[in-house]
Amino acid sequence: MDFPRFRRTRKNAWTRDLLAEYKISPSDLIQPFFIVDGVDIQTPIPSIEGQYSLSFDKAASAIAQAQALGIKMVALFPSISPELKDDQGSYAFHQNNYFVKGLKALKSKFPDIGFMVDVALDPYTSHGHDGVLDKDGNVDNDKTVELLAKYSLLLADSGVEVLAPSDMMDGRVQEIRYQLDQHNFQSTMICSYSAKFCSNFYGPFRAAVGSKTLGSSIDKSSYQLDYRSSKEALKEIAQDISEEADMIIIKPGLPYLDIIKQASEFSELPIFAYHVSGEFAMLKLAANAGYLDFNQAYEEILIAFKRAGATGIITYGALDYLS
Ligand code: PBG
C-alpha cells in the first residue's frame, strides 16, 4: 500500500508530547476571586462550583497559593451587600469602601503577583447595570465614563496594576488612560474588555456578585455586543487599541473562538479569553453527572483558547487545575 503514514508520530506518548504545539503553563492562567467585607469568611458560591466569597484575610491565603503555583495575575471582584447598593453605585466612591481600602493593604503583601480589577459599576448598582441610568432608564454613556475614570483612579491609588473596564461604554479606555496619566499613574495598565458580548453565559457570575439572582434577567443589549455579528467586535478591538489599551479581553470564551482567532491575526496586543461562569458551570454539571472527566475536558478547552491565539485565559478553574 502506498500512502503517507500520519499515524507514525501518534503511536507513542513521547512523540505526541514532543510534538504538541500548545501546552498550558501556569502563567497562561488568571484566577478570579470574589471578595466580601469582613474577616475569616470563606463561603462557597453555589453558582460557581469550587469558588468562594472570601474576606481579604482568606483571599490573601488563596493568592499566596496561586503565586506558589506560578500564576502571574489574579482578577479580584467585589461582592457588595445589597443594602450598600443604590442606583448611582455611590458606594464605589465611598471613602470607606472596604474593597478599595482592602486592596491597598493586600497589594502591599503581594508586590510580585498582578492584580486585575474590573472597572464597571454593576457590583455597586441596585439595578445591576454597569453604569448610571438617564431619565429614560438607558445607561448614560458619558456620565458613566466619567464615573468609571474616577473609580479607576481609586483602584490605581490602591496599587491595582491592571484596570479592566468591562462596561462596554464608548470612549472609556481613552478617558481612563487620560485621567491615569494626569494623575501620575502612567504605568497602570488597561486591559480592556474590548469584545464583550451580550451573553446568556454570565448568570452564575451575576448571582455570585448579587447583580442579579439566578433565574432573573437583565438586558445589557444596549451596550454589550450582539452575538449575531462579528465585525463589530473587530471594530471595538481596533478602537480600544487606538485608545491605548495594553491588553484586550474577549468574552465569553469558547463560543467566541472565531473572534479570538481574528483578533490575534490583526492585533499585536496580548489577548485574554474569559472562560465565563456559565461555560464553567456547564462543564462542572456535565462532569458531576459523569458524562465527562472535568480535568481532561477543561484542559482541552484551555488548549483550544491557545490554539485560537489567546495569550492567556481568565478562568475559575485555574487554581484547581494547577494544584
Ligand atoms: C460585569 C462583569 C460580568 C462578568 C464579568 N464582569 C457580568 C456582566 O456583564 O453582567 C461576567 C463573568 C462571568 O460570567 O464569569 N461587568
Side-chain angles (χ1 to χ4, degrees), residues 29-35 45-53 73-80 85 89 92 99 116-133 139 141 144-145 147-148 151-152 155 160 162-169 172-173 176 190-227 233 236 248-256 272-285 298 301 305 313-319:
L29 306 180
I30 299 167
Q31 173 71 51
F33 291 115
F34 295 94
I35 303 196
I45 297 175
S47 59
I48 315 179
E49 199 183 310
Q51 303 305 297
Y52 298 86
S53 294
M73 183 160 79
V74 292
L76 304 173
F77 294 96
S79 179
I80 313 284
K85 300 186 185 189
F99 183 62
M116 178 169 106
V117 175
D118 255 34
V119 179
L121 292 181
D122 58 311
Y124 297 103
T125 53
S126 42
H127 42 69
H129 279 292
D130 292 24
V132 290
L133 308 180
V139 175
N141 191 88
T144 298
V145 168
L147 291 171
L148 296 180
Y151 184 53
S152 297
L155 295 174
V160 172
V162 180
L163 299 176
S166 68
D167 55 294
M168 291 303 282
M169 296 301 115
R172 88 272 212 219
V173 172
I176 292 170
I190 298 178
C191 179
S192 178
Y193 285 82
S194 300
K196 176 167 179 178
F197 285 86
C198 188
S199 172
N200 294 293
F201 294 106
Y202 304 147
F205 173 97
R206 289 176 183 165
V209 301
S211 65
K212 269 291 153 217
T213 51
L214 280 180
S216 70
S217 67
I218 182 167
D219 183 7
K220 298 193 176 184
S221 53
S222 75
Y223 45 109
Q224 299 180 344
L225 289 164
D226 189 322
Y227 53 75
E236 286 279 3
I248 60 171
I249 296 174
I250 291 168
K251 175 183 176 194
L254 215 44
Y256 298 89
F272 293 107
Y274 198 142
H275 181 234
V276 302
S277 58
E279 300 176 75
F280 188 73
M282 289 196 297
L283 198 58
K284 281 285 182 191
L285 289 169
Y298 185 64
I301 289 172
F305 287 126
I313 305 117
I314 305 166
T315 174
Y316 298 101
L319 256 185

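Numbering starts at 1 and runs along the sequence shown. Counting convention: from 1, in listed order, for ligands and their atoms alike. What you see is a predicted model, and the numbers here were worked out from it, not measured in a lab.
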Practice item. Determine, stepwise, if the pair Val132 / Leu121 fulfils side chain to side chain contact (heavy atoms under 4.5 Å, CB included). Key: CA-CA 8 Å; Val132 290; Leu121 292 181; 4.2 Å; yes

Exercise for review: State whether a side-chain donor-acceptor pair under 3.5 Å links Tyr223 with His129.
Suggested key: yes

Practice item. Please check if the side chain of Lys196 supplies one atom and the backbone of Ser166 the other of a donor-acceptor pair under 3.5 Å. Key: yes

Please determine whether any non-hydrogen atom of [X] lies less than 4.0 Å from an atom of ligand 1.
{"X": "Lys220", "result": "yes"}
{"X": "Phe280", "result": "no"}
{"X": "Glu279", "result": "no"}

Students should be able to answer this: which protein heavy-atom is nearest to [atom], and at what distance?
{"atom": "atom 16 (N) of ligand 1", "answer": "Ser166 OG, 2.8 Å"}
{"atom": "atom 15 (O) of ligand 1", "answer": "Tyr316 OH, 2.5 Å"}
{"atom": "atom 14 (O) of ligand 1", "answer": "Ser277 OG, 2.7 Å"}
{"atom": "atom 2 (C) of ligand 1", "answer": "Lys196 NZ, 3.3 Å"}

Point to revise | Interfacing atoms of ligand 1 (cut-off 4.0 Å, heavy-atom, Tyr274) | key: 12 (C), 15 (O)

Point to revise | Numbered atoms of ligand 1 (with element) below 4.0 Å of Arg206, judged on heavy atoms | key: 8 (C), 9 (O), 10 (O)

Check your understanding: Of the non-hydrogen atoms in Phe305 and Ala273, which two are nearest, and what is the gap between them?
Key -> CD2-CB, 3.5 Å

Review point. Quick check: are there more than 12 heavy atoms from other residues, nucleotides or ligands sitting under 6.0 Å from OH of Tyr227?
Key: no

Check your understanding: Quick one: does Leu254's side chain get under 4.5 Å of Ile301's, heavy atoms only?
Key -> yes

Point to revise | Heavy-atom check, side chain of Pro123 versus side chain of Phe77, under 4.5 Å | key: no

**Study point:** Shortest reach to atom 3 (C) of ligand 1 by a heavy atom, considering only His275, His129, Gln224, Lys251
**Key:** Lys251

**Study point:** Residues in side chain to side chain donor-acceptor pair (under 3.5 Å) contact with Tyr274, at least two apart in sequence or another chain
**Key:** Tyr316

Practice item. Examine the proximity of ligand 1 to Asp118 and report which part, side chain or backbone, both or neither, has a heavy atom under 4.0 Å away. Key: side chain

Check your understanding: At under 4.0 Å between heavy atoms, which part of Asp122 makes contact with ligand 1: side chain, backbone, both or neither?
Key -> side chain

Exercise for review: For Asp118, enumerate each residue passing the salt bridge (charged side-chain N to carboxylate O under 4.0 Å, His left out) test, keeping only those at least two apart in sequence or located in another chain.
Suggested key: none

Point to revise | Test of proximity, Tyr193 against ligand 1: N or O pairs below 3.5 Å | key: no

